[in-house]
Undergrad: 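My structure is below; once you've seen it, I'll send some questions.
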Number of protein chains: 2
Amino acid sequence: MSEASVATLAAPVDSGRAWEVVLRRIEADLVSGVLRPGDHLPGERALAAELGVGRSSVREALRALEVLGLIRTQSGSGPQSGAIIVARPSGGMAVLVRLQVAAHGFAVTDVVKTRQVLESAVVAELATSASPDLSAAIELLDAMDAPPAAGSDAALDRAPDAAALSRDEFLTLDQAFHLALAVASGNEVIASVMGGLRDSVEHYVRVGAESLPSWAAMADRLRAEHRAIVAAIEARDADLARTRIHEHIDRYHAETIAAFAPIAPSAAPPD
Amino acid sequence: MSEASVATLAAPVDSGRAWEVVLRRIEADLVSGVLRPGDHLPGERALAAELGVGRSSVREALRALEVLGLIRTQSGSGPQSGAIIVARPSGGMAVLVRLQVAAHGFAVTDVVKTRQVLESAVVAELATSASPDLSAAIELLDAMDAPPAAGSDAALDRAPDAAALSRDEFLTLDQAFHLALAVASGNEVIASVMGGLRDSVEHYVRVGAESLPSWAAMADRLRAEHRAIVAAIEARDADLARTRIHEHIDRYHAETIAAFAPIAPSAAPPD
DNA sequence: TCAGACCATGTGGTCCGACCACAGTAGCAG
DNA sequence: CTGCTACTGTGGTCGGACCACATGGTCTGA
């Protein structure tokens with residue numbers, strides 16, 4: 001069975017493209033348990049020889065798996081090199097959603113509405129959960145509050161000016177907070193989809209944030225709303241948590257995206 | 001213009017792998033509106049020359065886009081050949097989730113839960129909508145009822161009298177019904193995500209359906225539940241609609257997926 | 001003996017050239 | 001005008017070649 005030099009010998013079922021053969025094989029190994037998260041895939045050359053296809057085809061399949069977030073590749077040698085089955089799903093869904101939004105020009109309002117639906121469910125789930133672990137989310141909130149003089153070693157290199165965090169830093173933490181809630185709810189699927197949706201409108205959010213009359217005021221309100229959401233969860237008030245995060249997202253996008261109204265590609269690339 | 005062999009001319013920023021450059025470029029064209037659904041991408045050779053990368057790298061990027069369900073490729077010549085931006089967002093999400101499930105990245109229960117969240121929101125939205133257009137969904141329900149005592153060549157070894165539709169036919173219509181509800185709610189993003197999630201567990205559903213003691217009974221119950229959901233929407237009872245579709249999905253998967261695969265409760269790890 | 005430089009090895013990343021199968025299309029022959 | 005054929009362009013595949021990189025062993029000098 002190691003004789004795989006000629007396709008006619010080892011491939012009774014061709015089933016279309018060569019890279020699909022590779023993909024199918026890897027999926028089969030995944031399902032059967034031969035391959036597990038953390039395992040190394042055989043080298044590209046070995047895989048090609050084993051399956052009787054060219055290395056190019058193997059690479060195309062590997063590329064597909066990589067964008068799906070299933071594997072991670074690394075050049076060089078050593079235990080970290082090669083293609084490794086990724087344990088935690090991350091990124092793939094985000095890329096997918098972002099590209100589909102880009103391709104279909106899905107209305108931003110629909111994306112926002114979907115976020116509301118998902119995040120409402122997340123906080124409601126957390127509020128009705130026995131002992132939700134909000135520590136990660138709360139840590140992020142603390143980081144968003146943190147004045148640079150707080151002694152946190154993470155703020156060592158940051159200039160201790162009046163504005164504690166830049167817009168980008170704040171928005172990154174904000175994104176992480178929302179994601180942390182989803183993760184805390186234990187549903188990786190929702191977390192992944194949420195991440196993708198957020199990514200897909202990220203550009204609009206950041207541009208919109210630039211044109212706010214007062215970013216500091218906005219940040220303050222967001223901080224307060226975040227705390228209120230967590231408080232509602234901790235108070236086991238699912239309905240209140242739903243309402244608060246719904247309005248939180250509503251206002252957030254109303255004041256950023258709507259700020260520069262038409263989504264029209266204003267182009268104007270700086271360079 | 002054809003001599004763009006040197007990357008320094010057209011690529012001031014290298015940004016890692018060559019195929020990522022291609023991916024980024026296509027995404028940018030998608031976002032900016034240069035590329036729209038239905039459009040043809042430039043040929044692989046042309047794209048390679050334009051971006052100053054090898055054709056292999058272009059192909060890897062195209063492969064990524066293809067598994068993501070963003071493009072469709074076709075050999076030969078003519079208007080249908082080449083890489084075309086796909087109009088309907090279908091397949092990509094299904095592949096992603098299926099593989100992640102296979103790699104133990106996603107729990108099937110999480111996929112099901114996410115469906116419940118999204119579909120509950122959909123029916124609630126429809127129930128509170130002024131004049132929801134359920135005609136498409138109802139047509140599908142009628143088709144599921146339809147007893148085409150003959151003609152259905154798919155019912156080869158099935159009892160031709162009692163079982164009107166084969167399992168596959170029924171499940172296809174079922175999928176279409178759920179999707180029709182999402183489309184009727186007007187949120188394409190939710191519809192797209194829902195479709196992908198449903199597709200991704202389709203395999204498990206079909207296998208599970210094989211082992212049911214009585215498919216006819218199951219089909220009857222599903223039909224009744226579908227009608228009940230529509231009735232709740234038409235009665236403008238959002239809460240009832242939510243409850244009904246939630247339980248509908250619950251039972252559906254409880255009797256199929258759980259039938260052959262003991263799924264560990266995600267929220268309650270044994271400890 | 002030990003530390004550092006050095007090279008052999010194996011990995012993915014990339015490019016290139018070649019060939020194939022396929023599907024239209026233009027052109028020719030009838 | 002009709003029908004067939006050859007051409008053209010597309011993606012699909014393959015094999016080889018080279019690169020950059022990281023590791024691990026070996027060699028050399030102090």
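Sequence lines set the chain letters: A, B, ... in the order given, protein chains first and strands last, and positions in each chain run from 1.
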Undergrad: Distances under 3.5 Å between protein N/O atoms and the N/O atoms of nucleotides 22-26 of chain D, please, pair by pair.
TA:
| from | atom 1 | to | atom 2 | distance (Å) |
| --- | --- | --- | --- | --- |
| D/dA22 | N3 | A/Ser77 | OG | 3.2 |
| D/dT23 | O4' | A/Ser77 | OG | 2.8 |

Undergrad: Whole-Å distance between D/dT10 P and B/Leu47 CG?
TA: 12 Å
Undergrad: Please evaluate residues B/Arg17 and B/Glu60 with respect to the criterion salt bridge (charged side-chain N to carboxylate O under 4.0 Å, His left out), reporting the C-alpha separation (whole Å), side-chain torsions for both, the decisive distance (0.1 Å), and the verdict.
TA: CA-CA 11 Å; B/Arg17 279 90 65 105; B/Glu60 288 183 22; over 6 Å; no
Undergrad: Considering every strand and a 4.0 Å limit on heavy-atom distances, what is the contact class for B/Thr73: base, sugar-phosphate, or nothing?
TA: sugar-phosphate
Undergrad: Under the side-chain hydrogen bond (donor to acceptor under 3.5 Å, both in side chains) rule, what do B/His178 and B/Glu119 come out as? Steps first, then yes or no, please.
TA: CA-CA 8 Å; B/His178 284 261; B/Glu119 302 209 27; 2.6 Å; yes
Undergrad: Could you check which of D/dG12, C/dC15, D/dC18 has an atom nearest any side-chain atom of B/Val53?
TA: C/dC15
Undergrad: Between atom CD1 in B/Ile84 and atom C1' in D/dT10, what is the gap in whole Å?
TA: 11 Å
Undergrad: Measure across A/Ile71 and A/Val86 and return the closest heavy-atom pair with its distance rounded to 0.1 Å.
TA: C-CG2, 3.7 Å
Undergrad: For C/dC15, does OP1 or OP2 lie under 4.0 Å from any side-chain N or O of B/Ser57?
TA: yes
Undergrad: Between A/Trp19 (CH2) and D/dG11 (P), how many Å, whole number?
TA: 15 Å
Undergrad: More than 12 heavy atoms of other residues, nucleotides or ligands under 6.0 Å from CZ of A/Arg206: yes or no?
TA: yes
Undergrad: At under 4.0 Å between heavy atoms, what does A/Arg72 touch on the DNA or RNA strands: base, sugar-phosphate, or nothing?
TA: nothing
Undergrad: Report yes if at least one side-chain N or O of B/Arg59 is closer than 4.0 Å to OP1 or OP2 of D/dG12; otherwise report no.
TA: yes
Undergrad: What's the closest nucleotide to the A/Glu44 side chain, out of D/dG12, C/dG13, D/dC14?
TA: C/dG13
Undergrad: What about A/Arg17, does its side chain sit under 3.5 Å from the base of D/dG11 through a donor-acceptor pair?
TA: no
Undergrad: Any luck finding a side-chain donor-acceptor pair between A/Asn187 and A/Ser185 under 3.5 Å?
TA: no
Undergrad: With nearest nucleotides of DNA chain D determined for A/Gly54 and B/Gly82 from heavy-atom distances, which residue corresponds to the more 5′ nucleotide?
TA: B/Gly82
Undergrad: When the distance from CD of B/Glu66 to P of D/dT10 is rounded to whole Å, what number comes out?
TA: 18 Å
Undergrad: Are OP1 or OP2 of C/dC15 and a side-chain N or O of B/Arg55 less than 4.0 angstrom apart?
TA: no
Undergrad: I need the minimum non-hydrogen distance between B/Trp19 and B/Ser57, along with the two atoms involved.
TA: CB-O, 3.5 Å
Undergrad: Would you sort out whether B/Arg24 and B/Glu27 count as a salt bridge (charged side-chain N to carboxylate O under 4.0 Å, His left out), showing the intermediate values?
TA: CA-CA 5 Å; B/Arg24 236 185 299 276; B/Glu27 180 176 2; over 6 Å; no
Undergrad: Please determine whether a side-chain nitrogen or oxygen atom of B/Arg63 lies at a distance below 4.0 Å from atom OP1 or OP2 of D/dG12.
TA: yes
Undergrad: What bend angle does the helix from C/dT1-D/dA30 to C/dG30-D/dC1 show across its length, from five-pair end axes and to the nearest 10 degrees?
TA: 30°
Undergrad: Looking only at heavy atoms, which two atoms of A/Leu23 and A/Ala61 are closest? And how far apart?
TA: CD1-O, 3.7 Å
Undergrad: Using atom CZ of B/Arg45 as one end and atom C1' of C/dC20 as the other, report the distance to the nearest whole Å.
TA: 11 Å
Undergrad: How many whole angstroms separate atom CD of A/Glu60 from atom C1' of D/dG12?
TA: 8 Å
Undergrad: Looking at every non-hydrogen atom in both residues, tell me the closest pair between A/Ile85 and A/Pro37 and how far apart they are.
TA: CG2-CA, 3.6 Å
Undergrad: Shortest non-hydrogen contact from A/Leu171 to A/Arg198?
TA: O-NH2, 3.4 Å
